[in-house]
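Side chains are part of it too, since the values below use all heavy atoms of this structure and drop only hydrogens, waters and symmetry mates. Computed from a prediction, not measured in an experiment: that's the story for all the values here.
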Amino acid sequence: MSARPKKSFGQHFLHERRYIERIVSAISPRPDDFLIEIGPGEGALTFPLLAAAGKLTAIELDTDLIPSLQANAAAIGELSIVHADVLKVDFTALAHRHGVSRLRIAGNLPYYISSPILFHCIDHAAAITDMHFMLQKEVVDRMAAEPGSKVYGRLSVMLQLACRVDPLFDVPPGAFRPPPKVDSSVVRLVPLAAHERHDANPERLYAVVKAAFAQRRKTLGNALRQVMDADAIRLADVDPKARAETLAPEDFVRLAKVNVDQPS
């Protein structure tokens with residue numbers, strides 16, 4: 001008997017086989033992977049991934065789904081289920097606990113909490129090989145947006161400073177039960193290598209980016225007033241009259257690295 005999707009968990013269960021196969025093919029799981037699935041639901045992706053990799057760790061908050069997942073996985077491979085809120089799972093500690101240097105993560109992320117999950121994952125990017133997520137298409141468009149785009153914003157900057165963002169393909173509402181009211185997309189995120197990562201203070205960078213996009217119509221000189229003054233902005237070789245959506249991710253790194261206490 002199928003579980004009934006719960007609105008409180010934002011559940012939309014993927015059921016159309018051809019999209020499941022495309023996602024599994026994109027992930028291309030291998031037996032030596034330490035593979036984690038966020039929100040396995042009824043197991044549409046779980047069981048094909050488990051069959052390919054032989055073992056899988058799934059993070060599931062809904063206790064009603066766990067017995068069926070465990071029972072159906074028994075003849076396929078080794079399924080470990082972590083009953084937890086994914087935002088409270090320390091991926092770095094999980095990798096260390098299992099003696100692996102990198103995790104691979106996949107999942108059909110609930111629309112209402114997708115951005116917090118993405119930010120949580122990039123906090124652990126150094127312990128992750130890659131991520132394959134199905135998300136609302138609008139979110140994927142924002143993730144991959146370039147400067148100057150109407151949807152370029154905080155999510156674009158923070159993700160692109162941590163990962164390579166590669167949108168793969170769209171998935172229509174009819175591929176889910178119940179059908180969501182929006183299109184979905186599958187995206188691949190590959191964390192940047194150590195030498196590619198920025199060296200700004202993460203908290204300072206987040207504060208600068210958040211303030212810059214809080215009121216998009218304002219110039220940086222006005223938007224960042226509580227964070228840094230116009231002279232400090234110029235020290236980063238950025239025009240205080242520019243607007244946030246015109247800056248490349250690297251420009252925000254320079255802004256974050258300016259010592260606001262230094263004389264101009």
Side-chain angles (χ1 to χ4, degrees), residues 1-17 19-21 23-24 26-27 29 31 33-98 100 102-124 127-136 139 171 175-180 184-189:
M1 183 176 179
S2 296
R4 180 173 294 177
K6 297 179 181 177
K7 289 185 178 180
S8 60
F9 289 158
Q11 290 174 333
H12 294 275
F13 296 143
L14 181 65
H15 68 83
E16 193 162 324
R17 176 58 52 187
Y19 289 106
I20 294 169
E21 290 174 351
I23 295 169
V24 173
I27 296 170
D33 289 337
F34 192 102
L35 190 58
I36 293 179
E37 184 185 9
I38 297 172
E42 294 179 315
L45 281 175
T46 311
F47 303 133
L49 290 173
L50 185 59
K55 58 186 183 299
L56 175 73
T57 296
I59 300 170
E60 180 54 67
L61 184 59
D62 187 349
T63 53
D64 291 346
L65 296 171
I66 294 176
S68 177
L69 286 167
Q70 290 175 323
N72 290 326
I76 302 172
E78 181 184 338
L79 177 64
S80 300
I81 298 180
V82 177
H83 176 225
D85 176 348
V86 65
L87 297 179
K88 297 179 180 178
V89 174
D90 186 330
F91 289 118
T92 305
L94 185 62
H96 290 164
R97 192 158 60 245
H98 288 272
V100 297
R102 297 283 191 279
L103 310 169
R104 302 189 71 199
I105 301 179
N108 174 17
L109 302 189
Y111 297 151
Y112 75 100
I113 199 173
S114 58
S115 291
I117 293 175
L118 290 168
F119 282 119
H120 180 62
C121 287
I122 65 174
D123 284 343
H124 297 275
I128 298 171
T129 296
D130 59 19
M131 297 166 269
H132 292 81
F133 293 134
M134 184 155 51
L135 300 145
Q136 187 173 341
V139 176
V171 182
F176 300 88
R177 179 180 60 82
S184 301
S185 290
V186 176
V187 63
R188 176 184 292 125
L189 302 174

Quiz prompt | Side chain to side chain, F133 and I38, heavy atoms closer than 4.5 Å | solution = yes
Quiz item: Is there a side-chain contact between L118 and L189 (heavy atoms, below 4.5 Å)?
Solution: yes
Practice problem: Over all heavy atoms of both residues, which pair between P29 and L35 is shortest? Give the atoms and the distance, please. | Solution: CB-CD2, 4.0 Å
Exercise. Starting at CG of L109, measure out to CD1 of I117 and round the result to the nearest 0.5 Å.
Key: 5.0 Å
Self-check item: I23 vs H132 side-chain heavy atoms within contact, under 4.5 Å
Solution: no
Quiz item: Do other residues, nucleotides or ligands put more than 12 heavy atoms under 6.0 Å from E78 CD?
Solution: no
Exercise. Work out which heavy atom in E37 is nearest to a heavy atom in G107; give both atom names and the distance.
Key: CG-CA, 4.4 Å
Quiz item: What are the two closest heavy atoms between G43 and P48, and how far apart are they?
Solution: O-CD, 4.0 Å
Quiz item: Sub-3.5 Å donor-acceptor pair from the side chain of E42 to the main-chain atoms of A44, do we have one?
Solution: no
Quiz item: Considering all heavy atoms of both residues, which atom of P40 and which atom of L69 are nearest to each other, and what is their separation?
Solution: CG-CD1, 3.6 Å
Quiz item: Which atoms form the tightest heavy-atom contact between L49 and I27, and what is the distance?
Solution: CD2-CD1, 3.9 Å
Exercise. Flag the pair V171 / F176 as yes when at least one side-chain heavy-atom distance between them is below 4.5 Å, and no otherwise.
Key: yes
Quiz prompt | N/O donor-acceptor pair under 3.5 Å between R188 side chain and D130 backbone | solution = no
Quiz item: Are side-chain heavy atoms of C121 and M131 found at a separation under 4.5 Å?
Solution: yes
Self-check item: Reported CG-to-NE2 distance for the pair L65 and H83, which is rounded to 0.5 angstrom
Solution: 10.0 Å
Quiz item: If you round to the nearest 0.5 Å, how far is OG1 of T129 from CG of D33?
Solution: 7.5 Å
Quiz prompt | M134 CE to S185 OG distance, which is reported to the nearest 0.5 Å | solution = 10.0 Å
Exercise. Kindly give the heavy-atom pair with the smallest separation between A84 and I59, and that separation in Å.
Key: O-CG2, 3.7 Å
Quiz item: Do I36 and L94 come close enough that some side-chain heavy atom pair is under 4.5 Å?
Solution: yes
Quiz item: Going from NZ on K88 to NE2 on H120, what distance comes out if it is rounded to the nearest 0.5 angstrom?
Solution: 11.0 Å
Quiz item: So do T57 and L103 actually touch side chain to side chain, heavy atoms under 4.5 Å?
Solution: no
Quiz prompt | Geometric class of the F91/H124 ring pair [parallel <30°, tilted 30-60°, perpendicular >60°] | solution = perpendicular
Quiz item: Out of curiosity, Y19 OH to L45 CG, how far, rounded to the nearest 0.5 Å?
Solution: 14.0 Å
